[in-house]
Amino acid sequence: MKMSKLFVQTLREDPSDAEVVSHKLLARAGYIRKLTPGIYNFLPLMWRVLKKVETIVREEMDRAGAQELLMPFVQPKELWEESGRWEVYGKELMRMKDRHDRDMCLGPTHEEVITSVARDGLKSYKQLPVNLYQIQSKFRDEVRPRYGLLRGREFIMKDAYSFDLDEKGLDKEYENMAQAYKRIFDRCGLDTKMVQSDSGAIGGSVSHEFMVITDTDAGENDVFYCNSCDYSANSNHAISKLPTAVVDGGEYFTQKEIVDTPNTHSIEDLSEFLKIPSTLILKTLVYIVDKSPVLALIRADKTVEETKLMNAAGGIEIRIATSAEIAELMEQNGFCAVPGFIGPMKGVKTVIDETARDMKNFVVGINQTDKHMVGANLEDLGLEDIKFTDIRLVDAGDFCPVCGKPLFVTKGIEVGNIFKLGTKYSKPMNAVYTDADGKNVPYVMGCYGIGISRTAAAAVEAHHDEHGIKWPISIAPYHVVVVPVSTNDETQMSCAEKIYKELIEAGVEAVIDDRDERAGVKFKDADLIGFPFRITAGKTLSEGLVEFKVRETGEVKNLTPEDAVKEVIQAVLG
RNA sequence: CGGGACGUAGCGCAGCUUGGUAGCGCACCUCGCUUGGGACGAGGGGGUCGCAGGUUCAAAUCCUGUCGUCCCGACCA
């Protein structure tokens, strides 16, 4: 490819809306261009990268025994009603009507469609197991798309679905996919961690995410991990053993009583006012889960993990209540208290965290402003039935649930996930096979996703420097750029052209920078775009040598043109 | 959903307070010069100033509405 004809416009400045490095670099280097929020054009360089990632994914999925197909992007409401998700999916599901006024949606994921495909085709136990996948654009109408390709609304995803006779078959396929994923990300030059995760709106029981570990904002997930064993989990799923703390207020409060606690609107205020550790306070938080209030009771030094609470409350959408909603809730239950003094109350759905189990003689809000009860115990709270659930966010330094060593936390970009779905879709959608005894049995399903475009962006997050992108060879848009420093110098030009031709003939993806630009411009662009190798025909040519530069390491050496070509061929084609 | 900010050329921005021929840098075109890390000089093309109303002799500028975009927050009681 001639650089002069390559469709790429590099920018000197970051686009004003880009926050994370992958967004800035991909935009500056001419890989992507925003059409509207969360929706991007994948320009020729980007498309080459995406195709490389796709090819790796395809090869490994095929090798793992999966079969590729392509399902429709537009889907009818009826299918989503069968699974029950039309009602529960929320605003992320982009809904629309066709000309006949029929409800349709853009596919955010394809469990419904694949299940319908399977039930039409997979009738006998003799046909199972099967794993089907596709690579396709998905649309999720994110509340707040950001970080460029990392959280877009329209994005490219590989989604695979497996159909097995039973749980045992699913377990085997799940492991098979985990291995395939590891190979895929390794080949993409990404170091990933497989972590336990909540299974979220997709549903199911067991799930893992593949995280690219990063210490920047681009990592939207917190990952807790143990250095002593292999435990690691997304914060929405992580559990831990707590460090010991004071949980019996016996030495502070010898009897149960109601005390004045004026203006103690925060736990900090309250613990300071009463001169007690916050581990002696049971705090009450009001959440709205699927439009209904839910009280969360948790030891005050700890934080509620919203996904855990949402699951405990059996909902699919959660947010903290506004002060207006709290006021309304107070009024409905005959109380009048402002945040800071909220406590348990009858008749409102309540979830109690495990941390409350051992608490004795503690402090708790009683729904009266400027008052708290001290020396309280759980049975004093008038709760109908007391059950403990883990709804706590793990803190770094808590102890590993497996081996007991302290946990560490880091940020991660989720590039893939695998779920055991079981019969969550096959049952309601009546997707069954006939077994050897002639009985109809629902398939046991799994689903496995990889964000293709997100993987490419994550690779930029993981491989860049202040000059630009440093693509891993396997997914670079081109392998090498050949730079004649001066296009007017016939010796340089003919040398560059010869090298370029030899590389192309050997099967290397090469670009020749034939632009009539100064060397500095060509070098800056080469670094920004991120060609893994650069061969420069310039001043060293007087000694019969060209410069060979490795983008990843910055290593530079002068070689004969023949050796430079060999070096690239060796690195690229093995 | 709440708050804030911003919409002026492909990109990044100034101009608006105090109304009077629409500017700068990058990019683009031409010529010259230059050629190993985003040179320089001269010339040039490109914008109904988001949109719609209003005020005015006159609106990018003032007023109203509207659409869009970005950021922050969404209460740990």
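Keep in mind it's a predicted model, so treat the numbers as computed, not measured.
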> How far, in whole Å, is B:rC11 from B:rG38 if one measures between their C1' atoms?
Replying inline: 15 Å
> Expressed as a whole number of Å, how far does the C1' atom of B:rU66 sit from that of B:rG25?
Replying inline: 33 Å
> Reckon A:T487 touches a base, only the sugar-phosphate, or nothing at all at heavy-atom distances under 4.0 Å?
Replying inline: nothing
> From the list B:rU69, B:rG36, B:rC11, which nucleotide is the closest neighbour of the side chain of A:E13?
Replying inline: B:rC11
> Between B:rU35, B:rC28, B:rG36, which one does the side chain of A:S486 approach most closely?
Replying inline: B:rU35
>> I'd like the P distance from B:rG45 over to B:rU55, given in whole Å.
In response: 37 Å
> Phosphate oxygens OP1/OP2 of B:rC76: is one of them under 4.0 Å from a side-chain N or O of A:T303?
Replying inline: no
>> For B:rU30, give the paired nucleotide (Watson-Crick: N1-N3 plus N6-O4 or O6-N4; G-U: N1-O2 and O6-N3; both under 3.5 Å), or none.
In response: B:rA42
> Is NZ or CZ of A:R319 both nearer than 6.0 Å to the six-membered ring centre of A:Y287 and within 45° of the ring axis?
Replying inline: no
>> I need the single residue from A:D353, A:T279, A:D395 that forms a side-chain hydrogen bond (donor to acceptor under 3.5 Å, both in side chains) with A:K302. Which is it?
In response: A:D395
> Does the side chain of A:T355 pick up a donor-acceptor pair with the side chain of A:R357 at under 3.5 Å?
Replying inline: no
> When the P atoms of B:rU21 and B:rA59 are considered, how many whole Å apart are they?
Replying inline: 12 Å
> For B:rA14, which nucleotide is its Watson-Crick or G-U wobble mate, given both distances must be under 3.5 Å?
Replying inline: none
>> With rounding to the closest Å, how many angstrom separate the P atoms on B:rC29 and B:rG46?
In response: 16 Å
>> Starting the side chain at C-beta, find the nucleotide from B:rU69, B:rC13, B:rG36 nearest to A:V485.
In response: B:rG36
> B:rG2 P sits how many Å from A:E325 CD, rounded?
Replying inline: 12 Å
> If we call it a pair only when both distances are under 3.5 Å in a Watson-Crick or G-U wobble match, what pairs with B:rA59?
Replying inline: none
> Atom CZ of A:R299 to atom P of B:rC76: distance rounded to whole Å?
Replying inline: 19 Å
> Mind checking the C1' distance from B:rA39 to B:rC62? Whole angstroms is fine.
Replying inline: 45 Å
>> Reading RNA chain B from 5' onward, which residue's closest nucleotide shows up sooner: A:R146 or A:R319?
In response: A:R146
> Does the separation of the ring centres of A:F533 and A:F548 fall below 6.0 angstrom?
Replying inline: yes
> Can you tell me if A:S197 and A:N234 form a side-chain donor-acceptor pair at under 3.5 Å?
Replying inline: no
> How many Å lie between CG on A:D269 and P on B:rC76, as a whole number?
Replying inline: 11 Å
> What's the CD1-P distance between A:I326 and B:rA74, to the nearest Å?
Replying inline: 13 Å
>> Using whole Å, what does the distance between atom P of nucleotide B:rA74 and atom CD of A:E306 come to?
In response: 10 Å
> Any side-chain donor paired with an acceptor under 3.5 Å for A:D525 and A:T10?
Replying inline: yes
>> How many whole angstroms separate atom CG of A:D516 from atom P of B:rC29?
In response: 11 Å
>> Does atom NZ (A:K97) have a neighbourhood of more than 12 heavy atoms from anything else shown, all under 6.0 Å?
In response: yes
> Who does B:rU64 pair with, Watson-Crick or G-U, both distances under 3.5 Å?
Replying inline: B:rA52
> In whole Å, what separates the C1' atom of B:rG73 from that of B:rU17?
Replying inline: 30 Å
>> Please give the distance between the P atoms of B:rC28 and B:rA74 as a whole number of Å.
In response: 44 Å
> Could you state the NZ-C1' distance from A:K522 to B:rU34, rounded to the nearest angstrom?
Replying inline: 13 Å
> Taking the side chain from A:Y31 and the backbone from A:I529, do they hold a donor-acceptor pair closer than 3.5 Å?
Replying inline: yes
>> On RNA chain B, does the nearest nucleotide to A:Q9 precede the nearest nucleotide to A:N488 from the 5' side, or the other way round? Give the residue.
In response: A:Q9
>> Of the options B:rC11, B:rG12, B:rU69, whose atoms approach the side-chain atoms of A:R33 most closely?
In response: B:rC11
Would you tabulate the nitrogen or oxygen pairs shorter than 3.5 Å linking the protein to nucleotides 37-40 of chain B?
residue, atom, partner, partner atom, Å
B:rG37, O6, A:R534, NH1, 3.1
B:rG37, O6, A:R534, NH2, 3.1
B:rG37, O6, A:K549, NZ, 3.0
B:rG37, N1, A:D527, OD2, 3.0
B:rG37, N2, A:D527, OD2, 2.3
B:rG38, O2', A:R12, NH1, 2.4
B:rG38, O2', A:R12, NH2, 2.9
B:rG38, O6, A:R28, NH2, 3.0
B:rG38, N1, A:D525, OD1, 3.2
B:rG38, N2, A:D525, OD1, 3.0

>> Less than 6.0 angstrom separating the ring centers of A:H23 and A:Y40, yes or no?
In response: yes
>> What contact category does A:V338 fall into here, base, sugar-phosphate, or nothing, at under 4.0 angstrom with non-hydrogen atoms?
In response: nothing
> Roughly how many Å is it from CG in A:D14 to C1' in B:rC26, rounded to a whole number?
Replying inline: 13 Å
